[in-house]
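Residue numbers begin at 1 in each chain, while the letters A, B, ... track the order of the sequences.
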Amino acid sequence: MSGTCLASPSIDPWLAHTVRIASITDEVEDVATYHLEFSDPESAKSYSFLPGQFNMLYLPGVGEAAISISSDPAQEGTLDHTVRIAGNVTGALARAAVGDTFGLRGPFGSSWPIEACLGGDVILVTGGIGLAPLRPAIYELLNRKSEFGTLSLLYGARHPFGLLYPSEYADWEQRGMSVNTTVDRASPAWQGNVGVVTQLLDRMPLPNPEETTVLCCGPEVMMWYTARSAIGRGIPADRIWVSLERNMNCAIGLCGHCQFGPTFVCKDGPVIRYDHVSSFLRVEGF
Amino acid sequence: MVTSQTLNSKLSSLQFTSQLPQTAREALAGIASERAFGKGEVLCREGEGCEELFLINKGHVGLDMLVPGRGQVRVMTLGPGDVLAWSALIGNQGATATGVALDDVETVVFPDDALLDLCQVNSEVGYPLMRELAKAISRRLVASRLQLLDLFRVGANEDS
Amino acid sequence: MNEQQLSESEVFLPKSELQSLIDLLRNDGMTVVGPTIDQQAIVYDEITSVDELPRGWTDRQEPGKYRLEQRDDDATFGFVVGPHSWKKYLFPPLTTVSTAEKTDQGWQMQTPEPDSTRYAFLGVRACELAAIAVQDRVFTGGPYIDPVYSNRRKNAFIIAVNCTEAAPTCFCSSMNTGPECRSGFDLALTELDDGFVVQAGSEAGETLIARLNTSEITTSQSETAGQARQQAVDQQSRHMNTDGIRDLLLGSLKHPRWEEVGNRCLGCTNCTMVCPTCFCSSVEDVTALSGESVERKRHWDSCFNLSFSYISHGTTRDTISHRYRQWLTHKLASWHDQFDTSGCVGCGRCITWCPVGIDLTEEVAAIRGNGDSSQSGGQS
Ligand SMILES: Cc1cc2nc3c(=O)[nH]c(=O)nc-3n(C[C@H](O)[C@H](O)[C@H](O)COP(=O)(O)OP(=O)(O)OC[C@H]3O[C@@H](n4cnc5c(N)ncnc54)[C@H](O)[C@@H]3O)c2cc1C
Ligand code: SF4
Ligand code: SF4
């Protein structure tokens, strides 16, 4: 259905590995990145993931939360998760300290279709915390820059101080990705673009729309308008990829929570080709 | 004629005019001129009359509205391919926002009078042009709505 | 166990020998589960004696109604299906999927000891065999295998019973799952007045037959059994048209009928609890008082619960009509994409146990009829 799903069927898919918080980076308000390492060197060695995949972070006594991996898949020894406080588990995580241990199951789900982007232009459209699941894809695209056409990131946030990873933009630019940010609400000091991220796409020149791939992660309405705008500009629907979010409980397709029509967001998604889900995206309460 | 020709090719590369029939673009090039603005220069001012329609060819224009107590608030940024100051064209009194150049801005400028005349006498120009304008306004409207939805707002009890 | 190599040979087991069957299974270390009467319903529970079976009882079912009645004969299996299904043993309503202990090296997670019970299910109907096959696909057919289910499943010994009657709520013929048991069992019984025609469906079944006091089957016994099975076919009055049902339902997501059924449905979750294929669950942590020892407990959940589709910025399926639509479109449509089978086996439980008598066959007919359809129900 979507990018290769490498999550290997381990013996017991319910069993979590023990991980330790190696360090914590405060990102923006209510968002921090947790750099994790496995307690067991064997688990560390056998663990690998693809950009766009997620883990279930398990805080014993509190519960589990689905969190995308936000680090570079090529970089060994670190496994980053950028987490926004949203409730019990994410709140408990925010109170955790360096050295604390908890559980991790994964990686789960489909990945961004890097191979399908080969040779063409790639546009990443995202907003808010949605940059976190795309960051591994950014690293991979940049690591293999010569295999793609132009790379552009269109990134929106509510406020200028809601933009994630600002210290990395210069590096991304320098390595060949154009980084275009925009905010919904400008502060007086903000010199950048004001307006929704879809506008950046609306006005972007698209020299080869048929060979352009869009990777999109954000609220469903935003993804839908992004796809609409992209299709309106001649990008084929089967070159648009979105990352879906539904209640997630087991992450292994056994609990039923994350269904979106025929799709189990946990194992068929979260990254799905737009034309596979477009007919369901604007159905209320589906 | 030289200017008209370069203008014509510019118009065919801009999203707003690229969809128009060639003849319409030629007619438009006939009444248009080019104008550049330096950073900080104002293209149109909120509440004041503005007798030209701008089509941005390069650079960015901030749209600011005056909010008592908050001063000038930037509501949107326009970029290449966007139109500016269409209010006058459809009969509104004065500009609805102040447009200020944020970097080196190049525009193609159409005097409202000439543009309206052209549209009136030549429906081959007028109709497609108004359609493109309606599309541009509709895009702007959708963008404003999405902005209004405040999609990246986090948590229900966050203010502003 | 049940490898479905159907043996053609049938034997006759006198009624008096049914207890021996139970005893043999128990002697082999199995826990025998069969139908029994509890709180005025036929439910599945552990049994040790034939006296616990609902001999001489039958069930009367219609939308929203269920009651037991004395039969005028002594039939042991003279009823159809009740509120329970075998999923309560294979996919237990409450189970521990993992544990966590706080140690000097931090939290350590462990897999709980697998349950070593070996179940023998006595009285599994054709629709229930089909339901087990459906759950096999759900829990063991994908990239992740549920250890709890697969462990219990691989140990289970299945004694099927052919239905000889149908309730007005049954529609297994429409779903092509019954009423005759065709595969997926170790033994299959057809009840006659004085005994059972027994067929083996696996090697384990054949071995067991060999240890029982059976006799060769007579032509007349074979014919009577065939007629009894045919009676269950003939009695079936409820139907569901499944032609193109996946596209029909997924293409009708905005049909007004969802709103209408949403107004009747109470969102009580009964239909999902009684359905033998519904598999939704939630895992939650249960912490010992010390706070240093935690069990992750899985319990049955339902797409009819509001919290089921909760995400931090709002609930996805926030009205009952959205939830009913989710249930029905999943069961009858997306299930085909996900598991290459329908999620409904036509057992009729959800119709009987719905407190307001909502009947899925009627809902499908209404959507197919593309309009109001209080009359276009599923019964003919
Ligand atoms: C594939 C996927 C990737 C994600 N990646 C990230 C990420 O990189 N960073 C990040 O900050 N957040 C991410 N999320 C959202 C994150 O999973 C939720 O914010 C989190 O589950 C909230 O849990 P909680 O216990 O703090 O909140 P509570 O409100 O206490 O949640 C209770 C339960 O509801 C469910 N739930 C609540 N919100 C969500 C949600 N948004 N999505 C799915 N289930 C939910 C979970 O089962 C959770 O255990 C992702 C979600 C999905 C589905
Ligand atoms: S949906 Fe109803 S009739 Fe179908 S299998 Fe489930 S309970 Fe039985
Ligand atoms: S359909 Fe009936 S049984 Fe199912 S949730 Fe609604 S009221 Fe309850």
Side-chain angles (χ1 to χ4, degrees), chain A residues 1 5 7-20 39-40 58-65 84-87 90 99-105 108 219-220 245-264 266-268 279-280 283-286, chain C residues 97-98 100-102 105-111 138-139 142-149 246 250-251 253-254 278-285 287 291-294 296 298 301-303 307-313 315-319 321-323 325-326 329-330 333-338:
Chain A
M1 190 161 200
C5 173
S8 61
S10 71
I11 310 299
D12 181 356
W14 292 109
L15 188 64
H17 301 285
T18 303
V19 288
R20 200 183 132 265
S39 292
D40 170 21
Y58 169 49
L59 274 71
V62 188
E64 283 190 328
R84 176 169 70 74
I85 299 177
T90 50
D100 285 358
T101 58
F102 56 87
L104 177 150
R105 291 192 295 132
F108 295 119
E220 247 166 70
E245 190 178 4
R246 280 290 180 277
N247 179 296
M248 196 126 309
N249 197 272
C250 75
I252 49 180
L254 302 179
C255 77
H257 285 258
C258 70
Q259 287 177 81
F260 182 60
T263 303
F264 281 102
C266 69
K267 60 177 179 147
D268 306 321
S279 59
F280 305 127
V283 178
E284 195 188 344
F286 191 57
Chain C
V97 293
S98 84
E101 297 289 334
K102 192 156 195 176
Q105 284 84 49
W107 286 100
Q108 295 298 326
M109 275 56 70
Q110 235 102 51
T111 300
V138 172
F139 288 115
Y144 300 101
I145 291 170
D146 183 62
V148 177
Y149 182 93
R246 180 207 175 269
L250 289 180
L253 297 176
K254 296 181 177 168
C278 274
F279 62 87
C280 289
S281 66
S282 286
V283 174
E284 269 153 34
D285 275 27
T287 312
E292 318 238 296
S293 164
V294 180
R296 285 189 66 58
R298 174 170 76 185
D301 203 339
S302 168
C303 57
S307 59
F308 193 74
S309 63
Y310 167 83
I311 50 176
S312 44
H313 34 91
T315 298
T316 309
R317 294 184 279 278
D318 55 348
T319 67
S321 95
H322 292 156
R323 302 202 280 281
R325 179 181 64 190
Q326 171 62 23
T329 55
H330 182 219
S334 353
W335 215 293
H336 287 281
D337 301 79
Q338 297 169 347

Colleague: Does the side chain of A/Asp100 pick up a donor-acceptor pair with the side chain of C/Trp107 at under 3.5 Å?
Modeller: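 Not at all, the side chains of A/Asp100 and C/Trp107 share no donor-acceptor pair under 3.5 Å.
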Colleague: Mind checking whether C/Val294 and A/Tyr58 have side chains closer than 4.5 Å, heavy atoms only?
Modeller: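 Counting from C-beta outward, C/Val294 and A/Tyr58 do come under 4.5 Å.
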Colleague: Quick one: does A/Asn247's side chain have a donor or acceptor within less than 3.5 Å of a partner on C/Ser309's backbone?
Modeller: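 Absent.
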Colleague: Enter the distance from A/Asp268:CG to C/Gln338:CD here, rounded to the nearest 0.5 Å.
Modeller: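 Result: 7.5 Å between the selected atoms.
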Colleague: Do the side chains of A/Glu64 and C/Arg296 get nearer than 4.5 Å, heavy atoms only?
Modeller: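 A side-chain contact under 4.5 Å exists here.
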Colleague: May I ask you to test the A/Gln259-C/Cys303 pair for a side-chain heavy-atom distance under 4.5 Å?
Modeller: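 Of all side-chain heavy-atom pairs linking C/Cys303 with A/Gln259, none is under 4.5 Å.
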Colleague: Are the side chains of C/Val97 and A/Cys250 in contact, using a 4.5 Å heavy-atom criterion?
Modeller: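 Counting from C-beta outward, A/Cys250 and C/Val97 never come under 4.5 Å.
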Colleague: Pick one of side chain, backbone, both or neither for C/Glu284, based on which atoms fall under 4.5 Å of a heavy atom in chain A.
Modeller: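 Answer is neither: C/Glu284 stays 4.5 Å or more from chain A.
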Colleague: What part of C/Thr329 gets closer than 4.5 Å to chain A, counting heavy atoms only: side chain, backbone, both or neither?
Modeller: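 Interface part for C/Thr329: side chain.
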Colleague: To the closest 0.5 Å, what do you measure between CD1 (C/Ile145) and CG (A/Asp12)?
Modeller: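 Result: 11.0 Å between the selected atoms.
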Colleague: Taking atom CZ of A/Phe280 and atom CG of C/Leu250, what is their separation to the nearest 0.5 Å?
Modeller: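 It is 4.5 Å, given to the nearest 0.5 Å.
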Colleague: Calculate, to the nearest 0.5 Å, the distance between atoms CZ and OG1 belonging to A/Phe260 and C/Thr316 respectively.
Modeller: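 It comes to 9.5 Å.
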Colleague: About how many Å separate CZ of C/Arg298 and SG of A/Cys255, when rounded to the nearest 0.5 Å?
Modeller: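 One finds 9.5 Å between SG of A/Cys255 and CZ of C/Arg298.
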Colleague: Nearest 0.5 Å, please: how far is CG in C/Asp146 from CD1 in A/Ile252?
Modeller: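 Between A/Ile252 CD1 and C/Asp146 CG, I get 6.5 Å after rounding to 0.5 Å.
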Colleague: Where do C/Leu253 and A/Val283 come nearest, in terms of heavy atoms and distance?
Modeller: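 Looks like CB-CG1, 4.0 Å.
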Colleague: Where does C/Ser98 contact chain A at under 4.5 Å (heavy atoms): side chain, backbone, both or neither?
Modeller: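 For C/Ser98, the contact with chain A is made by the side chain alone.
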Colleague: Where is the tightest heavy-atom contact between A/Thr18 and C/Gln108, given as atom of each residue plus distance?
Modeller: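 Smallest heavy-atom distance, with atoms named: OG1-OE1, 3.7 Å.
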Colleague: Does A/Glu284, at its CD atom, have more than 12 non-hydrogen atoms belonging to other residues, nucleotides or ligands within less than 6.0 Å?
Modeller: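 At most 12 heavy atoms, drawn from other residues, nucleotides or ligands, come within 6.0 Å of this atom.
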Colleague: Answer with side chain, backbone, both or neither: which region of C/Thr287 has an atom nearer than 4.5 Å to a non-hydrogen atom of chain A?
Modeller: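 Contact with chain A involves the side chain of C/Thr287 alone.
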Colleague: Check whether C/Ser307 gets within reach of chain A through its side chain, its backbone, both or neither, counting any heavy atom under 4.5 Å.
Modeller: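 Just its backbone gets close to chain A.
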Colleague: Does a side-chain heavy-atom distance below 4.5 Å link A/Pro60 with C/Ser293?
Modeller: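 They are not in side-chain contact.
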Colleague: Side chains of A/Leu254 and C/Phe139: does their closest heavy-atom pair fall under 4.5 Å?
Modeller: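 Counting from C-beta outward, A/Leu254 and C/Phe139 do come under 4.5 Å.
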Colleague: Are any of the side-chain heavy atoms of A/His257 and C/Ser282 separated by less than 4.5 Å?
Modeller: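 Yes, side chains in contact.
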Colleague: Could you have a look at C/His330, C/His336, C/Arg246 and say which one has the most heavy-atom pairs with chain A under 4.5 angstrom?
Modeller: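 Looking at each option in turn, the highest pair count goes to C/His330.
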Colleague: Tell me, for A/Val19 versus chain C, whether the close heavy atoms (under 4.5 Å) come from the side chain, the backbone, both or neither.
Modeller: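 For A/Val19, there is no contact with chain C at all, as no heavy atom is under 4.5 Å.
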Colleague: Select one option (side chain, backbone, both, neither) describing which atoms of A/Phe286 are under 4.5 Å from chain C's heavy atoms.
Modeller: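 Both parts, heavy atoms under 4.5 Å.
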Colleague: Less than 4.5 Å to any heavy atom of chain A: does that hold for the side chain of C/Arg317, its backbone, both, or neither?
Modeller: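 Interface part for C/Arg317: both.
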Colleague: Under a 4.5 Å heavy-atom cut-off, does chain C meet the side chain of A/Leu104, its backbone, both or neither?
Modeller: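 Neither the backbone nor the side chain of A/Leu104 comes within 4.5 Å of chain C.
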Colleague: Does some side-chain heavy atom of C/Val283 sit less than 4.5 Å from a side-chain heavy atom of A/Asn249?
Modeller: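 SC-SC contact between A/Asn249 and C/Val283 confirmed.
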Colleague: Mind listing the closest non-hydrogen atom pair of C/Cys280 and A/Gly256 along with its distance?
Modeller: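 Minimum heavy-atom separation between C/Cys280 and A/Gly256: SG-CA, 3.8 Å.
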Colleague: What part of C/Arg323 lies closer than 4.5 angstrom to a heavy atom of chain A: side chain, backbone, both or neither?
Modeller: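 Neither part, no heavy atoms under 4.5 Å.
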